[in-house]
Structure formats: C-alpha cells, structure tokens
Amino acid sequence: QVQLVESGGGSVQAGGSLRLSCVSSEITRNSACMGWFRQAPGREREGVAAVYTDGTSTYYADSVKGRFTISQDRAANTIFLTMNTLKTEDTALYYCAATKAGNCYSGSWFLPVAWLYWGQGTQVTVSP
C-alpha cells in the first residue's frame, strides 16, 4: 500500500507563492505517475498537475498553466507543486495522488477515478 503525505499548505495573499510537497512511501508500478488535485467547498475534485516519476511527461490544468510547476526529487520519492501568482480561486484542499502509468495519459490524468492512492490533503487559502 503506497502512502502519501502532503505538506506546505497555508495562507497567502493573492499574488503570492507557496510550495507543496508530497512524500511517497515507495515508488512502484502502481505509483509510476504522481500528481496533485484540489477540491474547493461545494465543488468537485479537479486535477491540477501530474508527472511521471521517470520524468517523461507532465500535465497541467489550463487554469494553472504558466503559474504552477510540478517537479520531483526521485531520490527522495517526493514531488512538489510550486504555485506562483496565486489567485483567490486557487483556494482549496490540495491532495497528492499516485497511480499506475497506464492510468496517466493526456485523456485521463485529470479524472479522480484514474488514481489509486491519495494523501490526506493540505489546505491552501488565498486571500484578496
């Protein structure tokens, strides 16, 4: 069972930056792709960004392209989400997730149902 632990959330003013981290207990065939989702109150969980742990592909939601960057430290089984130019609409509970490579391609990475493992979430609050 892959375990994911997020950290780095907090409160920031609009225009500010935060960096989220997610440590995976292991990298296996079932966790070859890792990513970030977010869920705001009253809204569905949405994909934010994803990356193959071999570094071959990354994906971003249109709403965060150019502002957020997903990266990884493979030696530490850790992925990061660097969030710049934050907006109030970025306020949400951010989840780290992992899934097998076959579930993680351009047509599916953003679907929560495609992901096998989830962290507990870390809150990001952006104030005006």
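Treat the numbers as computed from the prediction; the structure is a model and nothing was measured.
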Taking CD in Gln3 as the centre, count heavy atoms belonging to other residues, nucleotides or ligands within less than 6.0 Å. Is the count above 12? no
With no hydrogens and no angle check, is any side-chain donor or acceptor of Thr78 less than 3.5 Å from a backbone partner on Ala76? yes
Show every side-chain hydrogen bond (donor to acceptor under 3.5 Å, both in side chains) that has at least one partner inside residues 11-21, sequence neighbours left out. Ser17-Asn84
Partner set under side chain to side chain donor-acceptor pair (under 3.5 Å) for Gln39, not counting sequence neighbours: Arg45
Thr56: which residues meet the side chain to side chain donor-acceptor pair (under 3.5 Å) condition with it, sequence neighbours left out? Asp54
Under a 4.0 Å N-O cut-off, is there an ion pair linking Asp62 with Lys65? yes
Which atom names give the shortest non-hydrogen contact between Ala61 and Gly47, and what distance separates them? CB-O, 3.4 Å
Phe80 CZ to Cys96 SG distance, which is reported to the nearest 0.5 Å: 11.0 Å
Would you check if the side chain of Thr91 reaches a backbone N or O of Thr125 as a donor-acceptor pair within less than 3.5 Å? no
Looking at Gly107 and Phe110, what are the two nearest heavy atoms and their distance? O-CZ, 3.5 Å
A side-chain contact here means heavy atoms from C-beta on lying under 4.5 Å apart; do Gln72 and Thr53 qualify? yes
pair Arg38-Arg43: side-chain heavy atoms closer than 4.5 Å: no
Any donor-acceptor pair under 3.5 Å linking the side chain of Asn103 with the backbone of Lys100? no
With the side chain counted from C-beta on, respond yes when Cys33 and Trp109 share a heavy-atom pair under 4.5 Å apart, and no when they do not. no
Cluster companions of Leu81 among Ile, Leu, Val, Met, Phe, Trp, Tyr (side-chain spacing under 4.5 Å): Val2, Leu4, Val12, Leu18, Leu20, Ile27, Met34, Trp36, Val48, Val51, Tyr60, Val64, Phe68, Ile70, Ile79, Met83, Leu86, Tyr94, Leu116, Tyr117, Val124, Val126
Short question: side chain of Glu6, backbone of Cys22 - any donor-acceptor pair under 3.5 Å? no
Contacts of Phe37 that satisfy ring pair (Phe, Tyr, Trp, His ring centres under 6.0 Å) - sequence neighbours left out: Trp115, Trp118
Return the CD to OG distance between Glu46 and Ser63, rounded to the nearest 0.5 Å. 5.5 Å
Would you find more than 12 non-hydrogen atoms of other residues, nucleotides or ligands less than 6.0 Å from Glu89 atom CD? yes
Once side chain to side chain contact (heavy atoms under 4.5 Å, CB included) is applied, do any residues pair with Ala75, and if so which ones, sequence neighbours excluded? Asp73
